[in-house]
Amino acid sequence: MSDLKNDRPNTPLLDTVQRPADLKRFSDAELIKIAQEVRSETVSAVSVTGGHLGAGLGVVELTVALHAVFNTPKDKIIWDVGHQCYPHKILTERRDRIRTLRQKDGLSGFTKRSESPYDPFGAAHSSTSISAALGFAVARDLGGNVPEGLGDAIAVIGDGSMSAGMAYEALNNAGHLKKRMIVILNDNEMSIAPPVGAMSSYLSRLYAEEPFQDLKAAAKGAISFLPEPFREGAKRAKDMLKGMTVGGTLFEQLGFSYLGPIDGHDMNQLLPVLRTVKDRATGPILIHVITKKGKGYAPAEEARDKGHGVSKFNVVTGEQKKAPSNAPSYTKVFAEHLLKEAADDDKICAVTAAMPDGTGLNLFAERYPSRCFDVGIAEQHGVTFAAALAAGGMKPFCAMYSTFLQRGYDQVVHDVAIQRLPVRFAIDRAGLVGADGATHAGAFDVAYLTNLPGFVVMAAADEAELAHMVATAAAHDDGPIAFRFPRGEGNGVDMPERGTPLEIGKGRMIRHGKQVALLSFGTRLAEVEKAAEALTAKGITPTIADARFAKPLDRDLILELAATHEALITIEEGAVGGFGSHVAQLLAEEGVFDTGLKYRSMVLPDTFIDHANPADMYADAKLNASDIEAKVLNTLGVATIGEARA
C-alpha cells in the first residue's frame with residue numbers, strides 16, 4: 001500500500017487526473033503507477049464506506065487501461081453487475097465523492113445513468129452487459145443521437161456472469177449482426193460463490209494447460225487485424241494454437257474473434273492489445289482477460305470470498321468493523337430450521353442461484369451436499385429445475401433474493417404455478433435493503449406472486465414466525481408456496497425449538513382494541529406495535545392483527561376487523577398491488593365499503609427509493625412507527641392530540 005497521510009494514500013499522479021481524457025498524456029510506465037494509486041484509493045474509500053471491494057481491486061489495471069485507450073464517455077464501457085466499478089468512478093470525475101459510496105445522497109455502489117454520463121447503462125443484476133453493448137453498437141450504426149456521442153461499445157463481464165443464459169443470447173445475436181463491439185471476459189475464477197458448471201470448467205481448462213499464450217501468437221489469432229499478405233501464415237499459426245488450447249473455439253463459433261487469454265494485471269499486455277483492437281477491429285471481438293479478485297490487497301486476496309462484500313474496515317489489518325449482533329439474522333434462522341426439516345425428511349432439497357452464502361444454504365450444502373444445488377447465476381433454470389424436482393417427488397426449497405427471483409418470473413408462472421407444483425420459495429431480502437438501493441429492493445414479490453392462481457404467499461412478522469413458515473412450507477404439498485423475510489437481524493423474540501405448520505390462510509390476533517384495526521403483513525409488525533403504544537398514550541387503543549398470509553387471505557379475520565372497527569389500515573413493505581390491494585378487493589366484493597368503513601393501505605411509494613441505511617429508506621417510504629401513528633390520526637380525523645377520543 002502507499003504511504004498513508006491523514007488516513008489518505010499518497011497519490012501524486014492520480015491527483016492530476018480529473019477525467020479519463022487526462023490519462024492520454026501519461027506514458028505506459030506512468031499508467032502502471034496510476035493503477036497502483038487507484039488501488040490504494042479504492043481500498044481507502046471502501047474502508048470508510050464498506051461495500052464491494054474484491055471485484056474492483058481485480059479490475060484496477062483493466063479500468064485504467066480502458067480509460068487510457070478509449071474515449072469515454074463517447075465510447076461506452078458497460079460494467080456487468082457494476083460492483084467492480086469503484087475504480088471507474090474514481091477516474092470519472094467522482095473521486096471527490098468516492099467516500100460517499102452507498103451512503104444516503106451519495107454515490108451508488110453500482111453504475112447508474114442518472115449519476116454520470118460515464119455510466120452509460122445502469123446495472124446491479126448480472127449478465128446484461130453484452131446485450132446492452134450490442135444495443136449501443138446498433139444505435140451508433142443506425143445514427144442514434146445522445147449528448148456524449150456514440151463510439152465503441154465495450155462490455156466487461158465476469159466468468160461468473162457467463163453462467164447466465166442471457167449472456168449467450170446476446171453473444172449469439174452479436175455474432176449474427178457482426179457489428180463492431182468488444183466483449184472483455186474478466187475471468188477471475190471466482191464469482192460470489194465459486195462459479196458453477198460446465199462453463200466455468202471450460203474457462204478453467206483454457207489456461208490450466210496453457211497459462212498465457214505468447215502474446216504475439218494470440219494477436220495473430222485475430223486474423224482480420226492483419227494486412228492481407230500475412231493472413232495465410234497467421235491462419236496456420238492460429239490452427240496450431242487451437243491444437244494447444246481450446247481457447248476461442250466456442251466464441252468463434254458464435255461469431256466473435258477471440259484474443260487471449262492475457263494477464264489482466266499486466267499493463268504491458270493490456271495496453272497493446274486494447275490499442276490493437278481499437279485501431280483494427282471490424283466485427284465483434286472477445287478479449288479473454290485473467291484477473292485475481294482482491295488483487296493487491298492481502299486481506300482481500302486471502303479472504304474466502306476475496307473481499308466480495310465488506311463492512312467498514314481497518315486498512316492496515318483488514319479487520320472489519322461489524323456491529324455486535326443482538327439477534328440471529330433471518331437468513332440464519334431460515335437455514336437452521338430448513339436443516340431441522342431436512343434431517344427428518346430426505347425428500348427435502350435446496351436450490352439457489354449463485355448465492356449459497358447469501359441465502360444461508362452454505363450450511364445445507366455442508367450437511368447434505370447431494371441435496372443442495374447451486375445452479376449459478378441462472379434463476380430461470382433454477383426455478384424450472386426446482387419445478388421438475390417437485391414433479392419428480394422431491395420437496396424443493398428454491399431460495400432466492402426477491403429481486404433476483406424477478407429474473408425467473410416466467411418460469412414461476414409457466415413451469416410452477418400453471419402445473420400446481422409444490423415448489424417452496426424462500427424469498428430473502430424482502431423489503432428495502434439499504435446500501436444496495438433500488439436494484440436489490442424486494443419490493444414486488446408479494447404483488448407478482450399473489451396474482452398467480454393456487455399460490456400460497458406468506459410473510460414472517462419476526463424470526464419465530466419464520467421458523468413456523470419453514471415448517472409450513474415443508475408440510476405443504478398442494479401447489480406452490482412462498483414465504484418472505486428481510487435482510488438483517490430478527491427482533492430477539494423467543495425461538496421455538498422447531499417450527500410448527502400454520503393453518504393455511506389463517507392470521508393471528510396480536511391485541512384487541514377498538515376504533516381502528518391495524519392489519520400488518522410482514523416485519524413492519526414491530527413498528528405497528530410501537531405506533532400503537534404511542535397512540536395508546538393519546539387515548540386511542542388500536543386492534544393489531546398479523547395477517548401471515550397474503551394468499552389465501554384470512555377472510556373471516558379481515559371481515560371481522562372491518563365489521564367491528566371504524567377504520568382498517570393495512571401495513572406492508574411491498575409495492576402497490578400486493579397485500580393491501582387484495583384486502584381492498586375482498587372488502588369491495590363483500591360490500592363492506594357500502595356501509596362506510598374507512599380503509600387505508602400503507603405500501604412502498606410508487607418510486608424507486610435510492611440507497612441509504614434501511615431506517616432512512618423506511619422513513620422515505622413513510623412506513624415507520626411515527627408514519628403509522630400519523631396515518632391512524634389522519635384516518636380518524638384527529639387533528640390534534642386534544643381531540644383524541646377513547
Side-chain angles (χ1 to χ4, degrees), residues 160 190-197 303-311 320 322 324-379 382-383 385-386 389 394-402 404-405 423-430 433 442 458 460 462-475 481-501 523:
M190 173 64 90
S191 56
I192 298 175
V196 169
R304 190 173 67 89
D305 67 350
K306 306 297 182 207
H308 172 69
V310 297
S311 309
Q320 296 185 42
K322 291 198 172 172
S325 173
N326 299 316
S329 73
Y330 281 96
T331 301
K332 190 154 193 254
V333 169
F334 158 65
E336 288 175 349
H337 283 268
L338 183 60
L339 279 177
K340 290 175 183 177
E341 298 296 329
D344 290 346
D345 188 342
D346 64 3
K347 299 293 184 286
I348 288 176
C349 53
V351 177
T352 186
M355 298 298 288
D357 291 20
T359 57
L361 289 188
N362 51 330
L363 302 176
F364 195 99
E366 286 166 21
R367 187 86 54 87
Y368 303 111
S370 68
R371 289 195 263 156
C372 193
F373 304 95
D374 177 357
V375 299
I377 301 174
E379 291 84 359
V383 171
F385 172 61
L389 281 170
M394 297 300 289
K395 295 181 177 178
F397 277 75
C398 184
M400 292 180 186
Y401 290 6
S402 170
F404 296 160
L405 183 59
V423 177
R424 289 88 172 155
F425 289 95
I427 302 175
D428 202 335
R429 304 306 196 267
V433 296
M458 305 180 281
D462 57 41
E463 62 271 39
E465 283 289 291
L466 176 57
H468 297 315
M469 287 178 183
V470 174
T472 308
I481 187 167
F483 53 96
R484 75 192 308 251
F485 51 97
R487 179 180 188 164
E489 293 173 8
N491 299 337
V493 301
D494 291 337
M495 289 297 293
E497 180 58 34
R498 279 288 288 271
T500 34
T523 50

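Worth saying up front: this structure is predicted, and the values here are computed from it rather than measured. Both backbone and side-chain heavy atoms feed into the values below; hydrogens, waters and symmetry mates do not.
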J.: Under a 4.5 Å cut-off applied to non-hydrogen side-chain atoms, are Leu338 and Leu361 in contact?
T.: yes
J.: Is there a donor in the side chain of Thr331 and an acceptor in the side chain of Asp428, or the other way round, less than 3.5 Å apart?
T.: yes
J.: How long is the gap from CG on Leu363 to CG on Asp357, to the nearest 0.5 Å?
T.: 8.5 Å
J.: Determine yes or no for a side-chain-to-main-chain donor-acceptor pair under 3.5 angstrom, with Asp462 supplying the side chain and Ala464 the backbone.
T.: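 Yes, Asp462 side chain to Ala464 backbone: donor-acceptor pair under 3.5 Å.
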J.: Side-chain contact, heavy-atom cut-off 4.5 Å: Tyr401 with Thr352?
T.: no
J.: Would Val383 and Leu405 count as a side chain to side chain contact (heavy atoms under 4.5 Å, CB included) if you check the C-alpha gap in whole Å, the side-chain angles of each, and the deciding distance to 0.1 Å?
T.: CA-CA 9 Å; Val383 171; Leu405 183 59; 4.0 Å; yes
J.: Between Lys340 and Ala471 (side chain of the first, backbone of the second, donor and acceptor by atom type, cut-off under 3.5 Å), is there such a pair?
T.: no
J.: Could you go through Leu339 and Tyr368, starting from their C-alpha distance and side-chain angles, then the distance that decides it, and tell me whether this counts as side chain to side chain contact (heavy atoms under 4.5 Å, CB included)?
T.: CA-CA 9 Å; Leu339 279 177; Tyr368 303 111; 3.8 Å; yes
J.: Nearest heavy-atom pair of Pro496 and Ala467: which atoms, and what distance?
T.: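 Smallest heavy-atom distance, with atoms named: CG-CB, 4.1 Å.
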J.: Roughly how far apart are Arg429 CZ and Phe404 CZ, rounded to 0.5 Å?
T.: 9.0 Å
J.: Working to the nearest 0.5 angstrom, can you tell me the gap between Glu341 CD and Arg498 CZ?
T.: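 Reported value, rounded in 0.5 Å steps: 4.5 Å.
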J.: Would you call the rings of Phe385 and Phe373 parallel, tilted or perpendicular, taking 30° and 60° as the class edges?
T.: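 Rings of Phe385 and Phe373: perpendicular, as their planes differ by over 60°.
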J.: Minimum heavy-atom separation for Thr523 and Ala460, please, with both atom names.
T.: CG2-O, 3.1 Å
J.: How long is the gap from NZ on Lys395 to CG on Asp346, to the nearest 0.5 Å?
T.: 9.5 Å
J.: I'd like to know if the side chain of Arg484 reaches the main chain of Ala430, judged simply by a donor and an acceptor atom lying under 3.5 Å from each other, with no hydrogens or angles considered.
T.: no
J.: Is the shortest heavy-atom distance from the side chain of Met458 to the side chain of His468 under 4.5 Å?
T.: no
J.: Could you grab the distance from atom OG of Ser402 to atom CZ of Phe425, nearest 0.5 Å is fine?
T.: 12.0 Å
J.: Between Gln320 and Val310, is there a donor-acceptor pair closer than 3.5 Å when you use the side chain of the first and the backbone of the second?
T.: no
J.: Using a strict threshold of under 4.0 Å (side-chain N to carboxylate O), is an ion pair present between Glu463 and Lys332?
T.: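 No, this pair does not count.
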J.: Within this structure, what is the CZ-CD1 distance for the pair Phe364 and Ile348, rounded to the nearest 0.5 Å?
T.: 7.0 Å
J.: With a 6.0 Å cut-off (strictly less than), is the heavy-atom count around CG of Asp494, excluding the residue itself, greater than 12?
T.: no
J.: Give me the ring orientation class for Phe483 and Phe397: parallel if the planes are under 30° apart, tilted from 30 to 60°, perpendicular past 60°.
T.: perpendicular
